[in-house]
Every structure is written in C-alpha cells, then in structure tokens.
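Each remark here refers to the structure printed beneath this line.
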Amino acid sequence: MDQASKFYMVKKRALPEVLLKVAQVNALLGAGKAKTIREAIDAVGISRSSYYKYKDDIFPIHEKIQGKTITFVMEMEDRPGLLSNVLRVVAECNANILSIHQSIPVNHIALITLSVLVLPNTDDVAELFEKIADAQGIHNLKMVSAE
C-alpha cells in the first residue's frame, strides 16, 4: 500500500491545534456558517497556507466511512450481559451489526470481533468507538479495518 494512502485513527486530544483548526474551518464551510475560506480561517485563527496544507488531510471519521464496514476487536470480561450492552450501544448509534465472533473466555477474558456497517444515519463513529471503549469491562478496543 502506498504510504500516502494510509489512515490513522487518533484521539482528538493528541492532534496538534492547527489540525483541529483546519477541521473547524472545513466544518464552518460545510455547514454554510462561513461563505469564504478567508472568513472561516479568520474565525478560527489560522493562516491560509496552514489551511491549504492540511485541508484534505483531516476530516471527521464519519464523513469518510459511511457505507463501509468497520471491524472492531476487543478484549471483554466474561460477564453476563456485557456483550448485550455493547450490541445495544451499536444499535442505539444506528449502525448495522454484520457479524460477531466471540472466542471462548480464557482467564475470564473473551476476544470479540465485531463487524458493523456504517449507514448514512449512523451516529458519529468516533462517538460509537468511545462509548464502547468506555464501557466497564471492555479492554483493548481497536478498529482493525474499514472497507
């Protein structure tokens, strides 16, 4: 795979401020809250050159992943109802569950692979990821593919 076409999922807090501001400019322009690039970059406080350097490189994950299948892998404590809670979170976010694979628990930890179809009305995938990751009993949640 060409190095230029690789994607990484990074938590918002780890991003440099300039990238967050570029995303804000794109959001202002996309929502029609700014009519020109100049107006948007002035509103968030970045230079035109910074915007043009990164404008195509940062976007909300949901924007580029609609209609794709994402696969999560997680370690989950072997507790009654925990998988059901995770599946409820996925359903509440309006994503379609395509497959679930659960290993036999070892030392009270099961490995779960969950494939989900992201629909046009699916909530923000980053929020879905965060809700699953924050659930008590979930360990080492990773997104392994988006196809």
Side-chain angles (χ1 to χ4, degrees), residues 1-34 37 40-41 43-46 49-147:
M1 180 185 287
D2 181 1
Q3 189 69 11
S5 65
K6 287 192 176 186
F7 290 87
Y8 298 91
M9 190 162 78
V10 180
K11 289 186 179 180
K12 183 178 179 179
R13 69 174 187 236
L15 288 174
E17 186 177 354
V18 68
L19 292 177
L20 294 173
K21 288 186 175 190
V22 169
Q24 288 176 330
V25 169
N26 286 337
L28 289 173
L29 292 168
K33 294 182 180 177
I37 291 171
I41 63 174
V44 300
I46 61 169
S49 63
S50 292
Y51 174 71
Y52 279 106
K53 182 175 182 180
Y54 299 114
K55 72 180 180 73
D56 296 324
D57 295 329
I58 185 163
F59 48 84
I61 192 168
H62 191 263
E63 189 176 292
K64 295 289 183 180
I65 207 163
Q66 283 184 4
K68 294 191 177 191
T69 300
I70 56 174
T71 302
F72 299 105
V73 173
M74 67 191 100
E75 292 177 358
M76 175 184 292
E77 293 175 8
D78 183 28
R79 291 194 342 233
L82 186 54
L83 179 57
S84 177
N85 291 342
V86 169
L87 299 179
R88 187 177 310 109
V89 167
V90 174
E92 288 171 355
C93 289
N94 299 310
N96 188 27
I97 298 168
L98 298 175
S99 71
I100 305 164
H101 180 267
Q102 178 178 344
S103 69
I104 295 173
V106 176
N107 295 325
H108 305 288
I109 300 290
L111 184 64
I112 308 293
T113 304
L114 180 66
S115 293
V116 174
L117 178 62
V118 178
L119 304 168
N121 65 330
T122 299
D123 295 347
D124 185 348
V125 175
E127 288 180 31
L128 169 64
F129 189 85
E130 190 172 319
K131 286 177 183 178
I132 294 171
D134 289 345
Q136 189 172 6
I138 302 298
H139 305 282
N140 300 321
L141 176 65
K142 293 183 174 133
M143 184 187 306
V144 293
S145 71
E147 301 173 353

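These values consider heavy atoms only, across backbone and side chains, with no hydrogens, waters or symmetry-generated copies. Only a predicted model underlies this, so the values are computations on that prediction, with no experimental measurement involved.
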Inset, instruction - Determine, stepwise, if the pair K33 / L28 fulfils side chain to side chain contact (heavy atoms under 4.5 Å, CB included). - result: CA-CA 5 Å; K33 294 182 180 177; L28 289 173; 3.9 Å; yes

Inset, instruction - Decide side chain to side chain contact (heavy atoms under 4.5 Å, CB included) for M74 and V86; before the verdict, give the C-alpha distance in whole Å, the side-chain angles of both, and the deciding distance to 0.1 Å. - result: CA-CA 11 Å; M74 67 191 100; V86 169; 4.3 Å; yes

Inset, instruction - Just do the side chain to side chain contact (heavy atoms under 4.5 Å, CB included) check on L29 and I37 with the steps written out, would you? - result: CA-CA 7 Å; L29 292 168; I37 291 171; 3.9 Å; yes

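Residues forming a salt bridge (Lys or Arg N to Asp or Glu O under 4.0 Å) with E130 (at least two apart in sequence, or on another chain): none. With sequence neighbours excluded, the residues that form a side-chain hydrogen bond (donor to acceptor under 3.5 Å, both in side chains) with N140 are E75. Taking K131 as the reference, V89, C93 meet the side chain to side chain contact (heavy atoms under 4.5 Å, CB included) condition, with sequence neighbours excluded. For the side-chain hydrogen bond (donor to acceptor under 3.5 Å, both in side chains) test, residues two or more places apart in sequence or in another chain that qualify with H139 are E77. Evaluation of the side-chain hydrogen bond (donor to acceptor under 3.5 Å, both in side chains) rule for Y51 yields N26 as partners, not counting sequence neighbours. With sequence neighbours excluded, no residue forms a side-chain hydrogen bond (donor to acceptor under 3.5 Å, both in side chains) with S84. Applying the salt bridge (Lys or Arg N to Asp or Glu O under 4.0 Å) test to R88 and every residue at least two apart in sequence or in another chain returns nothing. A search for side chain to side chain contact (heavy atoms under 4.5 Å, CB included) contacts involving I97 returns L87, V90, I100, L114, not counting sequence neighbours. For P80, the side chain to side chain contact (heavy atoms under 4.5 Å, CB included) test picks out no residue, with sequence neighbours left out.
Distance CG/L117 to CG/L119: 4.5 Å, rounded to 0.5 Å. Here OG1 of T122 is found 8.0 Å from CG of N96. Values are rounded to the nearest 0.5 Å. Distance CG/L20 to CD1/I46: 10.5 Å, rounded to 0.5 Å. Taking CG from L83 and CD1 from I138, the interatomic distance works out to 8.0 Å, rounded to the nearest 0.5 Å. Atoms CD1 and CE, from I132 and M143 in turn, are 9.5 Å apart once rounded to the nearest 0.5 Å. Here the CZ atom belonging to F72 is positioned 6.5 Å from the CG atom belonging to L141, to the nearest 0.5 angstrom.
The two residues S50 and V22 have their closest heavy-atom pair at O-CG2, 3.9 Å. When all heavy atoms of T71 and S115 are compared, the pair lying nearest together is OG1-OG, 3.0 Å. The two residues G137 and L82 come nearest to each other via the heavy atoms O-CD2, 3.6 Å.
In this structure, the side chains of D123 and N94 come closer than 4.5 Å at one or more pairs of heavy atoms.
For residues 14-25, the set of pairs meeting the side chain to side chain donor-acceptor pair (under 3.5 Å) definition, not counting sequence neighbours, comprises E17-K21.
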